[in-house]
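Contents: one structure, followed by commentary.
Quick note: residue numbers are just sequence positions, from 1.
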Amino acid sequence: ATKAAEYGEKALTMAGIDGQTKVRLLVTIPSLYNGAGQADKAKAAAMKLVEYGKSVGDAKTSSQLQAAGYVMIGQFAEKAGDYGAAAENYITAYGIFKDASISKLLNGLAATLYKGSRFADAEKVFRQFYAADQGPESAALLGQTLYKQNKIDEALAIYKEGYAKRRTAS
């Protein structure tokens, strides 16, 4: 896998490579490095996708590519058990490109923490998400986490905030 990633990086420097092929390589290389156990190289390769995304002219494509890079870094961190870094990268991705699939990743991270009865850790994750997002989805996730810890009054206050934002958004 390491050799394949290295050849991919070499291919990125070749003249005449079209944009679609470049994106495919930028998406594939980080996973190859991660699969080979080279986390630092995987993260650096994913950041290349983020940087490339910043240079793309189309705003939606730019956002999607940047978010994809941060999602990959988050997934690598989550797999390694670094839940704080995973949450931080998922939240960054969601801030760039608000997509339900990213919210699902955060929900999955919480499920992992819930199963391990790590409610305080899940609360930290969702407080960060809610602070960055201030949307009804993040409010619901934080409220649920607070409720699981028997922080009923605080959970209700967060649910009410989220509901009010949802009503004003409709």
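Residues Phe76 and Leu49 share a hydrophobic cluster, clusters being chains of Ile/Leu/Val/Met/Phe/Trp/Tyr side chains in contact below 4.5 Å. The cluster map of Ile, Leu, Val, Met, Phe, Trp and Tyr, joined by side-chain heavy atoms under 4.5 Å apart, puts Leu141 and Tyr130 in the same cluster. Hydrophobic clustering, with ILVMFWY side chains joined whenever heavy atoms are under 4.5 angstrom apart, keeps Met72 apart from Tyr70. Residues Ile96 and Ile102 do not share a hydrophobic cluster, clusters being chains of Ile/Leu/Val/Met/Phe/Trp/Tyr side chains in contact below 4.5 Å. Leu26 and Val71 sit in two unconnected hydrophobic clusters of ILVMFWY residues. Membership requires side-chain heavy atoms under 4.5 Å apart, directly or through other members.
Pro136 and Gly162 make their closest contact through CB-O, 3.6 Å (heavy atoms, listed as atom of the first residue, atom of the second, distance). Residues Ala93 and Ala67 share a closest heavy-atom pair of CB-O, 3.5 Å. Nearest approach of Ala45 to Ile29, heavy atoms of both residues: CB-CG2, 3.8 Å. Summarising the geometry of Ile158 relative to Ala139, their closest heavy-atom pair is CG2-O, 3.2 Å, with the distance given to 0.1 Å. Across every non-hydrogen atom of Ala85 and Ala77, the tightest pair is CB-CB, 3.8 Å. For the residue pair Ala86 and Gly74, the shortest heavy atom distance occurs at CB-O, 3.4 Å.
Between the side chain of Thr28 and the backbone N or O of Leu25, no donor-acceptor pair lies under 3.5 Å. No donor-acceptor distance shorter than 3.5 angstrom exists from the side chain of Thr61 to the backbone of Asp58, with no hydrogens or angles considered. Distance alone, capped at 3.5 Å, places no donor-acceptor pair between the Thr21 side chain and the Ile17 backbone.
The closest side-chain heavy-atom distance from Ser138 to Tyr94 is not below 4.5 Å. Side-chain contact between Phe126 and Gln144 is absent, with no heavy-atom pair separated by less than 4.5 Å. Contact annotation: the side chain of Ile152 approaches that of Tyr147 to within less than 4.5 Å [non-hydrogen atoms, C-beta and beyond]. Residues Leu65 and Val50 form no side-chain contact, since every pair of their non-hydrogen atoms from C-beta on lies 4.5 Å or further apart.
Listed by first and then second residue, the side chain to side chain donor-acceptor pair (under 3.5 Å) pairs involving residues 74-84 are Glu78-Tyr90 (not counting sequence neighbours). Annotation: side chain to side chain donor-acceptor pair (under 3.5 Å) contacts involving residues 97-109, sequence neighbours excluded, comprise Asp99-Ser101, Ser103-Glu137. Identified under the side chain to side chain donor-acceptor pair (under 3.5 Å) test for residues 29-48, with sequence neighbours left out: Glu9-Tyr33, Glu9-Lys48.
Ion pairing of Glu123 with Arg127 is present here, as a side-chain N (NZ or NE/NH1/NH2) and a carboxylate O approach within less than 4.0 Å. In summary, Glu154 and Lys148 do not engage in a salt bridge, as defined by a charged side-chain N under 4.0 Å from a carboxylate O.
Here Leu12 contributes atom CG and Lys22 contributes atom NZ; the two are 6.5 Å apart, rounded to the nearest 0.5 Å. The structure places CD of Gln66 at 11.5 Å from CZ of Phe97, a figure rounded to the nearest 0.5 Å.
Defined by atom type and a distance below 3.5 Å, a donor-acceptor pair is missing between the side-chain atoms of Glu88 and Gln128.
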For side-chain contact (heavy atoms from CB on, under 4.5 Å), just list the numbers for Leu113 and Phe119, CA-CA rounded to whole Å, side-chain angles, deciding distance to a tenth of an Å, and then say yes or no. CA-CA 7 Å; Leu113 294 170; Phe119 301 118; over 6 Å; no
